[in-house]
There are 2 protein chains.
Amino acid sequence: MTDPKLWTSETVAADLERAVHEHRLPPGTKLGEDDLAEAYGISRTIVRAALLALSHRHLVELKRNRGAFVAQPSVREAREVFEARSLLEPRTARSAAERMTDEELDLLRANIRDEHAALDAGEYGRALFLSGQFHVEIARIADQTTVEAFISELISRSSLIIALYWRRRAALCETQAHHALLDAFASRNGALAEQLMKSHLLDLVASLDLRNVSQPPTSLREALNR
Amino acid sequence: MTDPKLWTSETVAADLERAVHEHRLPPGTKLGEDDLAEAYGISRTIVRAALLALSHRHLVELKRNRGAFVAQPSVREAREVFEARSLLEPRTARSAAERMTDEELDLLRANIRDEHAALDAGEYGRALFLSGQFHVEIARIADQTTVEAFISELISRSSLIIALYWRRRAALCETQAHHALLDAFASRNGALAEQLMKSHLLDLVASLDLRNVSQPPTSLREALNR
DNA sequence: GTTGCAGATATTGTATACAATTCTGTTCCG
DNA sequence: CGGAACAGAATTGTATACAATATCTGCAAC
């Protein structure tokens, strides 16, 4: 993290977002301004701008006079995030399938290959990140920058949701669904891609434990609105 | 603007967003940090945080070392915004119709009434703002906070798009569509509400002039990537 | 042993100082 | 008269100082 590189608020935010996405920074982690400033070798000014950006993406929660924490999405929020994804992603997958070039198809293939490699190497965080990038890449291929930005945010938030609510099951169901999507893309079958994405998202929520019991409030304080 | 009130970055951002939404701050307007700091009676620190927030909502464009400007969405971006809205809003209108209480119905009626009053008083900016709030309110009633946040951003961006690309026509087509939606809500007809919202959005884009000619690059500089 | 308070410590919130960059207007030369 | 070049002004970028607030520690009282 202490690269000789020149950090800006954008690069710091991206670096932190990736760390969150890869579960190196679990939900609830305190992100102290001084700590980060020292870690990156910059002043608190830049750190604050980065944290502000992440809070706007709902990846970080800012508590007045108490600091920044990696967000802990509620069960409610978890449902909403996947509800939003189900509105955006299936149609976007259809558009992508209809515009897909061979080069873009190769990019998606490479993504799945890298994810496999990461899994084999035991790098689960990296595999999770790549799995998310697959979805973002689809939005990019659909050539819808605006929708892509929304999906990108939702994907990152989904990573937090998975960290909190994932229940152990088969680990490879993910790549299976992505393989099926890839086939639909390869045959430029938009309707199929839309349907597969819809099912994929339903499978994802089904793999979560979103019962209302045992809400995350790690501390009693959280349970009582500070 | 020079209230004795206590301004925070959030309230300043909200105040600016409303000004943009009501077309009091047209696209391209320079938002100088010192000017704003003086206008609100605060330091540049707060102003910068507010501008950063607005830039994340794509309402303000930050140009390095040159300052903040009210965004000027391109034709491309305009299309994308309405594409995104068409993915989110019709389904959300359906959900809203199915959950609508009588009190919420009254809120929507009041909104339309206020919009009419604003139009009669010649307060076009306020009417435009209320017209947008109608859409946001629907998302709120659908009880989907996450989708609501996206729609809220898209509505504000739509206001910029209208400022740039609106072609004069019948002025009241807006309230007509909202009236029709209200009837669908009153009869809790989700399918109809979804269909009406879809048509409403199509009418909106149709009322814009999105031909690719004469793109906004006010200055030559803009045309050449700075 | 727990509770309550007080001072000390640490962390965030805001303002401001200074550096870096851009803009502007004038001068000088062709 | 037109344009390059420069100096000064204005504006933004970053760091830091200080204020406000929250947290922690220790001691005393019950």
Side-chain angles (χ1 to χ4, degrees), chain A residues 1-16 25 28-56 59-72 217-226, chain B residues 1-16 25 28-56 59-72 217-226:
Chain A
M1 268 224 252
T2 49
D3 302 9
K5 166 178 168 182
L6 227 61
W7 293 101
T8 70
S9 63
E10 283 87 14
T11 57
V12 170
D15 197 60
L16 287 173
L25 290 174
T29 305
K30 170 80 184 280
L31 300 174
E33 298 183 357
D34 277 325
D35 299 338
L36 292 173
E38 193 182 5
Y40 287 103
I42 53 182
S43 82
R44 281 175 50 214
T45 306
I46 314 288
V47 171
R48 280 178 76 85
L51 292 175
L52 202 51
L54 291 177
S55 80
H56 292 141
L59 297 181
V60 156
E61 193 178 349
L62 296 180
K63 305 190 186 183
R64 173 131 191 132
N65 283 321
R66 301 211 31 243
F69 302 81
V70 177
Q72 306 186 86
T218 311
S219 66
L220 187 53
R221 160 176 226 142
E222 297 294 327
L224 306 173
N225 291 353
R226 90 182 47 189
Chain B
M1 268 225 251
T2 49
D3 302 9
K5 168 178 168 182
L6 228 63
W7 293 100
T8 70
S9 63
E10 285 86 13
T11 57
V12 170
D15 198 59
L16 286 174
L25 290 174
T29 305
K30 170 79 183 282
L31 299 174
E33 298 184 357
D34 277 325
D35 299 340
L36 291 174
E38 192 182 6
Y40 287 102
I42 53 183
S43 84
R44 280 175 50 213
T45 305
I46 314 288
V47 170
R48 280 179 76 86
L51 291 175
L52 201 52
L54 291 177
S55 80
H56 292 140
L59 297 181
V60 156
E61 194 177 349
L62 296 181
K63 307 191 185 182
R64 172 132 190 132
N65 284 320
R66 302 210 33 241
F69 302 82
V70 177
Q72 306 186 84
T218 310
S219 65
L220 186 53
R221 162 172 227 148
E222 297 294 327
L224 305 174
N225 291 353
R226 89 181 50 187

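Order of the sequence lines sets the chain letters (A, B, ...), proteins ahead of strands, with each chain counted from 1.
Where B/Thr8 and A/Asp35 each meet DNA chain C at their nearest nucleotide, the meeting point lying more 5' is that of A/Asp35.
For the pair A/Val12 and A/Ala50, the tightest heavy-atom approach, listed with the atom from each and the gap, is CG1-CB, 3.7 Å. Minimum heavy-atom separation, A/Leu25 to A/Val70: O-CG1, 3.9 Å.
Rounded to whole Å, the distance from CG on B/Leu62 to P on D/dT14 is 12 Å. Across the protein-nucleic acid pair, B/Lys30 atom NZ and D/dA10 atom P stand 13 Å apart, rounded to whole Å. To the nearest angstrom, C1' of D/dT14 lies 15 Å from CD of A/Glu33. The distance between atom CG of A/Asp34 and atom P of C/dG13, rounded to the nearest whole Å, is 12 Å. Taking atom CG of residue B/Leu6 and atom P of nucleotide D/dA20, one finds them 13 Å apart after rounding to whole Å. As a whole-Å value, the separation of A/Tyr40 OH from D/dT14 P is 16 Å. Residue A/Leu36 contributes atom CG, which lies 12 Å from atom P of C/dT11 at whole-angstrom precision. With rounding to whole Å, A/Leu31 atom CG is found 14 Å from C/dT11 atom P.
Partners of B/Thr45 by side chain to side chain contact (heavy atoms under 4.5 Å, CB included), not counting sequence neighbours, listed by chain and number: B/Ser43. Every residue two or more places apart in sequence or in another chain that forms a side chain to side chain contact (heavy atoms under 4.5 Å, CB included) with A/Arg44 is listed here: A/Glu33, A/Asp34, A/Ala37, A/Arg48. For B/Ala68, the side chain to side chain contact (heavy atoms under 4.5 Å, CB included) partners are B/Leu31, B/Leu51, B/Val60, B/Leu62, not counting sequence neighbours.
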What does the list of N/O pairs under 3.5 Å between the protein and nucleotides 5-7 of chain D look like, with a distance for each?
none

Produce the list of close N/O pairs, under 3.5 Å, pairing protein atoms with atoms of nucleotides 15-18 of chain C; give distances to one decimal.
unit_1: C/dA15; atom_1: OP2; unit_2: B/Ser43; atom_2: N; d: 3.3
unit_1: C/dA15; atom_1: OP2; unit_2: B/Ser43; atom_2: OG; d: 2.7
unit_1: C/dA15; atom_1: N7; unit_2: B/Thr45; atom_2: OG1; d: 2.6

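Dashed line: the shortest gap from a side-chain N or O of B/Arg48 to OP1 or OP2 of D/dG13 is under 4.0 Å.
Once rounded to the nearest 0.5 Å, the distance linking NZ of B/Lys30 with CZ of B/Arg66 reads 7.5 Å.
Set against C/dT14, D/dT11, D/dG13, the side chain of B/Arg64 has D/dG13 as its closest nucleotide. Distance from the side chain of A/Asn65 is smallest for D/dT21 among the nucleotides C/dT14, C/dT22, D/dT21.
Using a 4.5 Å cut-off on side-chain heavy atoms (C-beta onward), A/Tyr40 and A/Leu16 make contact. Within the 4.5 Å cutoff, the side chain of A/Asp15 has heavy atoms near those of the A/Trp7 side chain.
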